[in-house]
Q: 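So that we are looking at the same thing, I have put the structure below in structure tokens.
Throughout, a chain's letter reflects where its sequence line sits, starting with A, and its residues are numbered from 1.
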2 protein chains.
Amino acid sequence: MLRISKLSDYAIIILGHMAKAPSQTFAANDLAGSAGIGGPTVSKVLKALVKAHVVRSTRGPKGGYQLAQTPEKTSIASIIAALEGPIALTECSIDLSHCEQASSCNVRGNWSVINRAIHAALEAVTLADMAITPPMGSDGFHIPVKDITFQPRRNPEQ
Amino acid sequence: MLRISKLSDYAIIILGHMAKAPSQTFAANDLAGSAGIGGPTVSKVLKALVKAHVVRSTRGPKGGYQLAQTPEKTSIASIIAALEGPIALTECSIDLSHCEQASSCNVRGNWSVINRAIHAALEAVTLADMAITPPMGSDGFHIPVKDITFQPRRNPEQ
DNA sequence: TTAAAGAGGACTAAAATGGTCCCCAATAAA
DNA sequence: TTTATTGGGGACCATTTTAGTCCTCTTTAA
Ligand code: SF4
Ligand code: SF4
């Protein structure tokens, strides 16, 4: 199904809450409450986000977590990468040596096109886009505030 | 890592071989040989591709598998969907009721933007693009023959 | 009639994932 | 200086998912 992991999903929900007060510091437990996710799990997610410099942390009483950047500068790609590592659909995109088929594989080179496309799509949407609640359409679905169009073109000059 | 499954990867490799003779019929075992993948596994992949109408099958002696469409008309999206089901990054994109957080989730609606972007990217690349062996660049990497550009724009008229 | 193919599905081992817990470090406030 | 509150790091385990194999049945050309 090409799914992101639950933890990545949680991360976006949690950051969505934080984005509503971008400079405020939140305790992990408070975030767990408002997101409806278990405390330990929220902690786990936030720890990963700290490592990836998506949020900053402060220890001690009155400590907590704070967005490291404005919501506009925090891409969905960076959030997913924080939880799941580099965004790459195939083994070889990370490290060729990990794939046993590599030597006989004849589609290897072409994956980079797709990888870059996916990455660009996830990079183009930011936390700010996710955090807003767009107007509800008549069909019960939110109307997206941002659309992404594609222009496949052959033999780019590069 | 946002990876596709190994079976999807195999599918693309196998179809890559078939794309070189789009109207030929291949026995599963022959494909296993040329792809360097185990016979039973290749069979499993091909069965899934038949169900999704990506390939056609013929039983009996001299039977085998054949592309259902030209490589140009076979999108990577359809191949991945054949092996992994609908392309959707989050639970709620498939069926809202599957997600426990749904009621308290405030980013739900915005995922559709990303989902459509990913789907469009995978739809834009075809088996024909994957099957070719592009010229090797001086840095040891193939030069992609197709590039996909993104144009995020706000508040589309829809 | 036979042999060569695929169809369908059960089954298992291994890997990934999600969730919890424990103990340590930092620090603000009493 | 002590204490209480917060995060850091990582181990741990149960569950789910994935990958791979195998068996039996159906189809069909020779
Ligand atoms: S080298 Fe080929 S088989 Fe291996 S991960 Fe890349 S595309 Fe897949
Ligand atoms: S409803 Fe929210 S929490 Fe549930 S899958 Fe969708 S985005 Fe994730």
Side-chain angles (χ1 to χ4, degrees), chain A residues 1-11 13-14 18 24-33 35-66 68 80 82-85 89-91 94 98-101, chain B residues 1-11 13-14 18 24-33 35-66 68 80 82-85 89-91 94 98-101:
Chain A
M1 219 223 300
L2 198 65
R3 284 205 36 218
I4 60 171
S5 73
K6 275 196 179 188
L7 295 187
S8 299
D9 196 350
Y10 293 159
I13 296 175
I14 294 165
M18 296 177 70
Q24 186 180 331
T25 298
F26 300 85
N29 272 331
D30 296 347
L31 287 170
I37 307 172
T41 302
V42 170
S43 278
K44 187 178 197 173
V45 168
L46 286 166
K47 286 175 200 172
L49 291 171
V50 169
K51 270 194 192 166
H53 306 290
V54 174
V55 301
R56 276 194 301 264
S57 65
T58 318
R59 293 195 190 182
K62 300 289 174 189
Y65 296 93
Q66 187 186 20
I80 294 180
L83 275 294
E84 313 190 23
L89 298 204
T90 55
E91 203 64 60
I94 294 293
H98 282 177
C99 176
E100 299 175 4
Q101 270 77 34
Chain B
M1 218 221 301
L2 198 67
R3 283 205 37 217
I4 59 170
S5 73
K6 275 196 179 189
L7 295 187
S8 297
D9 195 350
Y10 293 161
I13 297 175
I14 293 165
M18 295 177 72
Q24 186 180 331
T25 297
F26 300 85
N29 272 330
D30 296 348
L31 287 169
I37 308 173
T41 300
V42 169
S43 277
K44 186 179 198 171
V45 169
L46 285 167
K47 285 175 200 170
L49 291 171
V50 169
K51 269 193 192 166
H53 305 291
V54 174
V55 301
R56 275 195 301 265
S57 65
T58 319
R59 294 195 188 184
K62 299 290 173 187
Y65 297 92
Q66 186 185 19
I80 294 180
L83 276 293
E84 314 190 21
L89 298 205
T90 56
E91 203 65 58
I94 294 294
H98 282 178
C99 176
E100 298 174 6
Q101 270 76 35

Q: Once you round it to whole Å, what is the distance between C1' of dG7(D) and CG of Leu31(A)?
A: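 In whole Å, dG7(D) C1' and Leu31(A) CG are 13 Å from each other.
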Q: Counting C-beta onward and ignoring hydrogens, is there a side-chain heavy-atom pair between Leu49(A) and Leu83(A) closer than 4.5 Å?
A: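 SC-SC contact between Leu49(A) and Leu83(A) confirmed.
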Q: With respect to the phosphate group of dG8(D), does any side-chain polar atom (N or O) of Ser43(A) fall under 4.0 Å of OP1 or OP2?
A: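 For dG8(D), OP1/OP2 do not have a side-chain N/O of Ser43(A) under 4.0 Å.
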Q: Output the rounded distance in Å from CG (Asn29(A)) to C1' (dT20(C)).
A: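 The answer, rounded to whole Å, is 14 Å.
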Q: So Thr41(B) and Leu7(B), do their side chains get closer than 4.5 Å, heavy atoms only?
A: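 Side chain of Leu7(B) against side chain of Thr41(B), heavy atoms only: contact under 4.5 Å found.
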Q: Which residue is it: Leu31(B), Leu46(B), Ile14(B), Val55(B)? I am looking for the one with a side chain to side chain contact (heavy atoms under 4.5 Å, CB included) to Phe26(B).
A: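 Single side chain to side chain contact (heavy atoms under 4.5 Å, CB included) partner of Phe26(B) among Leu31(B), Leu46(B), Ile14(B), Val55(B): Leu31(B).
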Q: Between dG8(D), dG19(C), dG9(D), which one does the side chain of Tyr10(A) approach most closely?
A: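 Among the listed nucleotides, the one closest to the side chain of Tyr10(A) is dG19(C).
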Q: What's the spacing between Thr90(A) OG1 and Ile4(B) CD1 if we round to 0.5 Å?
A: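 Here the rounded value is 6.5 Å.
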Q: Provide, to the nearest angstrom, the distance between the NZ atom belonging to Lys44(A) and the P atom belonging to dC21(C).
A: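 In whole Å, dC21(C) P and Lys44(A) NZ are 13 Å from each other.
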Q: Base, sugar-phosphate alone, or nothing: which one does Leu7(A) contact when heavy atoms must sit under 4.0 Å apart?
A: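 If one applies the 4.0 Å heavy-atom cut-off, Leu7(A) turns out to touch the sugar-phosphate alone, with no base involved.
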Q: Work out which heavy atom in Gln24(B) is nearest to a heavy atom in Gln66(B); give both atom names and the distance.
A: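 What the structure gives for the nearest pair is O-CG, 3.6 Å.
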Q: Which one, dG19(C), dG8(D), dG6(C), comes nearest to the side chain of Thr41(A)?
A: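 From the listed options, dG19(C) comes nearest.
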Q: When you measure from the side chain of Ser5(A), which nucleotide among dG6(C), dT20(C), dG18(C) comes out closest?
A: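 That would be dG18(C).
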Q: Go through dG20(D), dG8(D), dG9(C) for me and flag the one nearest to the Lys47(B) side chain.
A: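 Between dG20(D), dG8(D), dG9(C), the one nearest the side chain of Lys47(B) would be dG9(C).
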Q: Atom OH of Tyr65(A) to atom C1' of dT5(D): distance rounded to whole Å?
A: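 Those two atoms, OH and C1', are 13 Å apart.
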Q: Would you tabulate the pairs of protein nitrogen or oxygen atoms and nucleotide nitrogen or oxygen atoms of nucleotides 26-30 of chain C closer than 3.5 angstrom?
A:
from    : atom 1 : to       : atom 2 : distance (Å)
dA26(C) : O4'    : Arg59(A) : NH1    : 3.2

Q: Between Ile37(A) and Val45(A), is there a side-chain heavy-atom distance shorter than 4.5 Å?
A: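 Side-chain contact under 4.5 Å: no.
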Q: May I have the distance from Asp30(A) (atom CG) to dT5(D) (atom P), rounded to whole angstrom?
A: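 Taking atom P of dT5(D) as the reference, CG of Asp30(A) is at 13 Å.
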Q: At under 4.0 Å between heavy atoms, what does Lys6(B) touch on the DNA or RNA strands: base, sugar-phosphate, or nothing?
A: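 Here Lys6(B) touches the backbone only, sparing every base.
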Q: To the nearest angstrom, how far is Ile14(B) atom CD1 from dG20(D) atom C1'?
A: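 My rounded result for the distance is 13 Å.
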Q: Heavy-atom nearest nucleotide on DNA chain D for Leu46(A) versus Glu84(B): which residue maps closer to 5'?
A: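 Result: Leu46(A).
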Q: Whole Å only: how far is the CD atom of Gln24(B) from the P atom of dA5(C)?
A: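 Checked: the CD to P distance equals 13 Å.
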Q: Rounded to the Å, how far apart are Asp9(A) CG and dG18(C) P?
A: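 One finds 10 Å between P of dG18(C) and CG of Asp9(A), rounded.
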Q: If you take all heavy atoms of Ser43(A) and Ala28(A), which pair is closest and at what distance?
A: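 That would be OG-CB, 3.9 Å.
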